Amino acid sequence: PLFFAVLVGFVSGCKLQNDSVIDSEAPSEITRISVYPAQIEVDKISFVFNPETVVDTIITVKTAVIDLNNDIVSVNCNIISPDGITLVESIQLSDNGINSDSIANDGIYSCKANISFMKKDLGNYSIQITVVDKQAFTVKVITSLKITNSFNQPPQVSSLVAVNGIIQPGNDSVRVKFSVKVDDNQGLTNIKSVNGSIISLDGQYFFVVQLFDDGGTLPVAPYALFSGDSIAGDGIYSIQVPFFKKHVSEYSIQVNARDSAAALSNTASKEFFIQNQINNKPVVSNVTMPDTAIVPTSNDTSFIRITVTVNDAEGLDDIYSVEFTSRRPDNSIVGTYILHDDGNSIVHPEFNLPSGDLIANDGIFTLTIPLLKGTLVPTYRDFIFQSTDRAKEVSSTFTKRIYLR
């Protein structure tokens, strides 16, 4: 900083004629911000054991500003809560040697700010300093003020309830209610959120839900259902989640809570399942594919399109997979391949080809496979088709032979 000051003096004393670069005005610059105290322990200010208690306190903010042109119009301070709420707006900092400012005109601007917040409003607050000069040039710098409570302990969750969901005949879905007990040493008003992560054990489905202690009085997005909570404010948080036939599977739910200081609770977990009360195996029929295929003798590729119809008494949403296994004449397996009812929207990862399916969700599953040069001929392959539903019930097999020439 000393070298910088000497350099500025030297340059200003050696002004060159018609040199607009050297004559141009330098903008103001904030070089340092200090906040005292930088951390507020609310339990040392207020001994009332209630997270809703309002705490009033005073902080001192100082900032060092380089102003080579002596044209600062204002230096202001905003104090913003962790939730983005402005608690103090445009309080003026001064460099006049009065009150919180120690020395006038030393480039250090100061103020004292009164802030009010609840004991539960813990976290990192933002202190924003704004400097405006006569050219309307604005500089903004942000530092932080941390508000803590050493008595604050993370919330605790327990007694998680997750019942199994049984889809009755004639219904497409079932509502499952989840409930968990939450405790907090600062009181339930200190709880900011209770969330659950629901994942199927096969990894196909994942949901994030929020649980409520609202007495079931308000509809909850995104399901437009009431939470199912019985009594508001009793520390038992609940949510109802609809599951459809396509969701038939085994699941795990993990629930935790966060308080107003963002402290995370322990995790409560439980497994449950969604199933149809009556489950029938899927049925495979109507396999369509050529009886004979010609293996290319050049570098060209020919293609075989295969379709199969699958029915399920519980509906197409109950079908988990449709596949066929290719076997050689010696009964060894070439591979197992998935067929799709996707309207030709999925590229098969093994063949890097669209499925060739014509209409999505019509119960006709399709796969297009390439036939490359080099396959020994004459020979044949047996394609053995089967389907699995979401209850892991497997259909009877359907076998079709294709001759390779």
Side-chain angles (χ1 to χ4, degrees), residues 200-205 244-249 276 279-405:
S200 60
L201 300 189
D202 61 7
Q204 186 174 9
Y205 294 109
F244 296 85
K245 287 186 174 181
K246 66 179 181 179
H247 297 136
V248 167
S249 187
N276 295 300
N279 191 76
N280 297 277
K281 294 181 179 181
V283 177
V284 174
S285 62
N286 299 332
V287 174
T288 301
M289 55 180 283
D291 295 322
T292 303
I294 305 300
V295 177
T297 57
S298 65
N299 290 329
D300 294 335
T301 302
S302 59
F303 300 94
I304 300 172
R305 183 172 176 269
I306 305 165
T307 67
V308 59
T309 300
V310 182
N311 294 287
D312 191 295
E314 283 67 61
L316 291 177
D317 281 342
D318 192 43
I319 297 174
Y320 182 76
S321 67
V322 179
E323 60 189 29
F324 75 86
T325 298
S326 174
R327 290 185 179 272
R328 301 181 181 92
D330 63 2
N331 215 33
S332 63
I333 295 176
V334 178
T336 299
Y337 310 96
I338 301 294
L339 293 90
H340 303 278
D341 185 10
D342 65 334
N344 207 37
S345 64
I346 294 176
V347 175
H348 196 284
E350 184 170 350
F351 302 131
N352 197 30
L353 292 171
S355 66
D357 187 60
L358 298 180
I359 302 173
N361 303 316
D362 64 351
I364 299 175
F365 292 75
T366 307
L367 181 64
T368 300
I369 60 175
L371 191 58
L372 305 175
K373 173 186 176 182
T375 302
L376 296 177
V377 292
T379 187
Y380 67 85
R381 298 285 186 266
D382 283 332
F383 291 173
I384 304 161
F385 297 84
Q386 66 178 17
S387 176
T388 303
D389 68 13
R390 297 189 181 278
K392 300 181 181 178
E393 294 279 358
V394 181
S395 70
S396 299
T397 59
F398 191 107
T399 302
K400 181 88 172 184
R401 179 168 293 181
I402 181 171
Y403 290 93
L404 304 179
R405 303 298 187 201

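Model, not experiment: these values are computed from the prediction.
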In Å and rounded to the nearest 0.5 Å, what is the [atom1] to [atom2] distance from [X] to [Y]?
X: Lys373; Y: Thr297; atom1: NZ; atom2: OG1; value: 7.5 Å
X: Tyr337; Y: Ile369; atom1: OH; atom2: CD1; value: 7.5 Å
X: Ile333; Y: Asp382; atom1: CD1; atom2: CG; value: 12.0 Å
X: Ile306; Y: Met289; atom1: CD1; atom2: CE; value: 5.0 Å
X: Leu372; Y: Asp300; atom1: CG; atom2: CG; value: 11.0 Å
X: Asp341; Y: Ile364; atom1: CG; atom2: CD1; value: 8.0 Å

For this session: Answer yes or no: is there an ion pair linking Lys400 with Asp291, defined by an N-O contact shorter than 4.0 Å?
Result: yes
Problem set entry | Side-chain ion pair, Asp318 and Arg390, N-O less than 4.0 Å | no
With side chains defined as the heavy atoms from C-beta onward, is the minimum distance between [X] and [Y] less than 4.5 Å?
X: Phe351; Y: Thr368; answer: no
X: Asp202; Y: Tyr320; answer: yes
X: Asp357; Y: His340; answer: no
X: Pro329; Y: Tyr380; answer: yes
X: Ser355; Y: Ile346; answer: no
X: Leu367; Y: Ile338; answer: no
X: Leu353; Y: Phe303; answer: yes
X: Arg328; Y: Arg381; answer: yes

Work out which heavy atom in [X] is nearest to a heavy atom in [Y]; give both atom names and the distance.
X: Pro370; Y: Thr301; value: CB-CG2, 3.7 Å
X: Val310; Y: Val284; value: CG2-CG2, 4.3 Å
X: Pro378; Y: Arg405; value: CB-NH1, 3.5 Å
X: Ser321; Y: Ser387; value: O-OG, 3.0 Å
X: Ile384; Y: Thr397; value: CG2-CB, 3.9 Å
X: Ala313; Y: Asn280; value: CB-ND2, 3.5 Å

Whether the side chain of [X] engages the backbone of [Y] through a donor-acceptor N/O pair (distance < 3.5 Å, no angle test) should be reported.
X: Asn276; Y: Asn279; answer: no
X: Lys281; Y: Ser396; answer: no
X: Ser326; Y: Phe383; answer: no

Exercise. Do Thr307 and Thr366 have a side chain donor and acceptor closer than 3.5 Å?
Worked result: no
For this session: Just say parallel, tilted or perpendicular for the rings of His247 and Tyr205, cut-offs at 30° and 60°.
Result: perpendicular
Exercise. Between Phe385 and Phe398, how do the two ring planes meet: parallel, tilted or perpendicular, split at 30° and 60°?
Worked result: perpendicular
Problem set entry | Ser302 and Leu371: CA distance, side-chain angles, deciding distance, side chain to side chain contact (heavy atoms under 4.5 Å, CB included) verdict | CA-CA 5 Å; Ser302 59; Leu371 191 58; 3.4 Å; yes
Problem set entry | side chain to side chain contact (heavy atoms under 4.5 Å, CB included) between Asn344 and Leu358, intermediate numbers included | CA-CA 6 Å; Asn344 207 37; Leu358 298 180; over 6 Å; no
For this session: Check the pair Ser395 / Val283 against side chain to side chain contact (heavy atoms under 4.5 Å, CB included), numbers first and verdict last.
Result: CA-CA 6 Å; Ser395 70; Val283 177; 5.9 Å; no
Problem set entry | Evaluation steps, side chain to side chain contact (heavy atoms under 4.5 Å, CB included), between Phe365 and Ile319 | CA-CA 11 Å; Phe365 292 75; Ile319 297 174; 4.1 Å; yes
Exercise. In terms of heavy-atom contacts, does CD1 of Ile359 have more than 12 from other residues, nucleotides or ligands at under 6.0 Å?
Worked result: no
